[in-house]
Amino acid sequence: AAAGRRSAAVVQTAGGTKESGVKEAPLDLNPPRGTRDFFPDDMRLRNWLFDKWRRASELYGFEEFDAPVLESEDLYIRKAGEEVVGQLYCFADKGGRRVALRPELTPSLARMVLAKRGQLNMPIKWFAIPQCWRYERMTRGRRREHYQWNCDIWGVGEVTAEMELLSCIVRFFESVGIGSDDVGIKVNNRELLREVLHKNGVPDDRFAAVCVLIDKLEKVPLDHLRDDFRALGVEGSQLDSIAASVRADQTVDDVAQLVGEDSQAVKHLRDVFDMADAYGIADWLVFDPSVVRGLAYYTGVVFEGFDRAGELRAICGGGRYDTLLEMFGGEPIPAVGFGFGDAVVVELLKTKGLLPDFADTSVADAVVWPLAGGDETSTVQQAAGRVATRLRQSGLKTDVILENKKSKWVFKHAARVNAGVLVVIGADEVAGNEVTAKRLCDKEQQRVTLDGTHLEDLAAEWA
Ligand SMILES: CC(=O)Nc1cnc2ccccc2c1
């Protein structure tokens with residue numbers, strides 16, 4: 001690493017930008033490639049978003065859980081050619097164990113359910129906001145981590161579970177000011193594709209890998225994928241009829257023609273649209289037979305939030321995955337869930353002018369200022385400590401000026417933290433067992449005795 005740092009590259013370092021050469025280059029101050037620092041302003045936005053996600057989850061009766069960011073690599077070994085598996089951030093740990101930074105949360109959830117199998121009250125409705133990772137060649141300069149809100153329902157095979165999740169997503173959008181004219185949710189059912197594959201003689205064990213390729217069709221023309229399809233034994237007229245069946249411009253009736261009105265797939269799909277009104281989400285849902293999502297384990301209804309202006313990548317996505325536990329050697333339990341990343345939704349909020357403004361965030365309600373500097377410094381600083389502690393114990397967010405500062409600096413600082421009241425403590429206040437409280441919005445001030453709780457009451461009123 002030291003040798004690496006001796007490179008001639010010019011990096012932003014502690015010592016400013018300088019040609020590194022013979023001397024060892026100082027530490028690179030940037031976070032690792034594809035990752036982000038969250039300075040307070042960034043953290044305020046992140047906390048705001050997570051709070052909106054949490055509120056929507058709790059509104060729907062979901063309980064929060066979490067799992068380690070590090071999991072055994074085995075959890076993600078799937079042979080269907082998924083991008084998320086191809087970009088696994090994996091390595092051998094010091095014990096020689098193959099481990100991976102989680103690229104998604106669902107396999108951890110499956111592991112936890114299997115571990116507690118039979119002891120969990122079903123159905124479970126759990127949510128989490130995990131940081132997920134991928135290792136991508138930085139050629140594309142994309143991020144290698146994101147936070148992804150997950151909600152999952154285990155133990156319900158009926159479409160009512162899909163309705164809970166779809167309406168939870170809609171409630172989140174409404175909670176940040178996004179409406180059904182801004183965003184829609186494309187809904188499809190992978191069972192349709194399974195039935196089409198059967199009709200075209202494609203063996204069932206090709207289903208997951210075919211879905212992953214069909215998902216790529218959204219971005220890559222069919223001709224670029226013919227070789228991959230051929231490798232799965234899908235080609236020629238068989239492939240053309242499969243590709244035709246997933247064309248976006250078809251209605252549910254059109255696909256019912258293809259697979260027959262008595263198809264389970266069609267029934268489940270119609271159920272979703274029939275129930276949408278009752279959940280107040282009919283305006284949000286759009287049938288789109290081209291949507292299959294890129295995860296191998298989806299088995300039924302799948303869905304994807306999209307911006308109707310068509311400028312952004314998918315906002316969120318999910319689906320039913322009734323057989324995931326079989327991958328882990330367990331008896332299957334029906335399950336459905338979604339993932340909702342922290343990147344695209346923020347881009348959408350930006351374009352819609354819906355990002356929150358934190359300019360008047362109250363970092364502190366009160367600022368306590370010991371007039372230090374003279375030989376009474378320790379006396380006034382101790383008095384400030386006592387006053388600040390009282391204010392904090394009464395629940396007021398209180399900042400203390402920790403060193404000798406000029407008045408101009410203190411008032412500027414109090415304004416920056418949006419404090420409502422400045423409590424000044426000089427030697428004469430201390431002598432009189434008083435403080436001088438200044439209301440910052442209009443400079444009104446009062447000498448307040450420290451006897452009783454009048455100071456707390458006044459500070460609370462002025463905060
Ligand atoms: C737009 C964006 O940041 N996407 C993103 C970023 N990091 C990831 C990490 C793991 C899996 C998917 C990921 C997706």
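Note that ligands are numbered from 1 as they come in the structure, with each ligand's atoms numbered from 1 the same way. A quick note: this is a predicted structure, and the numbers were derived from the prediction, not measured. Residue indices begin at 1 and follow the sequence shown.
- With ring centers used as reference points, Y135 lies under 6.0 Å from Y89.
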Working for side chain to side chain contact (heavy atoms under 4.5 Å, CB included), residues N189 and V272: CA-CA 10 Å; N189 187 349; V272 170; over 6 Å; no

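- Here the side chain of D254 pairs a donor or acceptor atom with the backbone of T251 at under 3.5 angstrom.
- In terms of protein heavy-atom proximity, atom 2 (C) of ligand 1 is closest to A343 CB, 3.9 Å.
- Of the protein's heavy atoms, C132 O, 3.4 Å lies nearest to atom 9 (C) of ligand 1.
- In this structure, R313 has a heavy atom closer than 4.0 Å to ligand 1.
- Using the six-membered ring where Trp is involved, F338 and F340 have ring planes that are perpendicular, over 60° apart on the 30 and 60° scheme.
- Atoms of ligand 1 found under 4.0 Å from any heavy atom of R143, numbered from 1 in the order shown, are 3 (O), 6 (C), 7 (N).
- Residue contact check for ligand 1: G341 places no non-hydrogen atom closer than 4.0 Å to it.
- Using a cutoff of 4.0 Å between basic side-chain nitrogens and carboxylate oxygens, R36 and D342 are scored as salt-bridged.
- Closest to atom 13 (C) of ligand 1 among all protein heavy atoms lies H146 NE2, 3.5 Å.
- Among all non-hydrogen protein atoms, the one lying nearest atom 4 (N) of ligand 1 is R134 NH2, 3.6 Å.
- For ligand 1, the atoms lying closer than 4.0 Å to a non-hydrogen atom of P103 are 10 (C), 11 (C).
- No close placement of the F50 and W149 rings is indicated, their centers lying 6.0 Å or farther apart.
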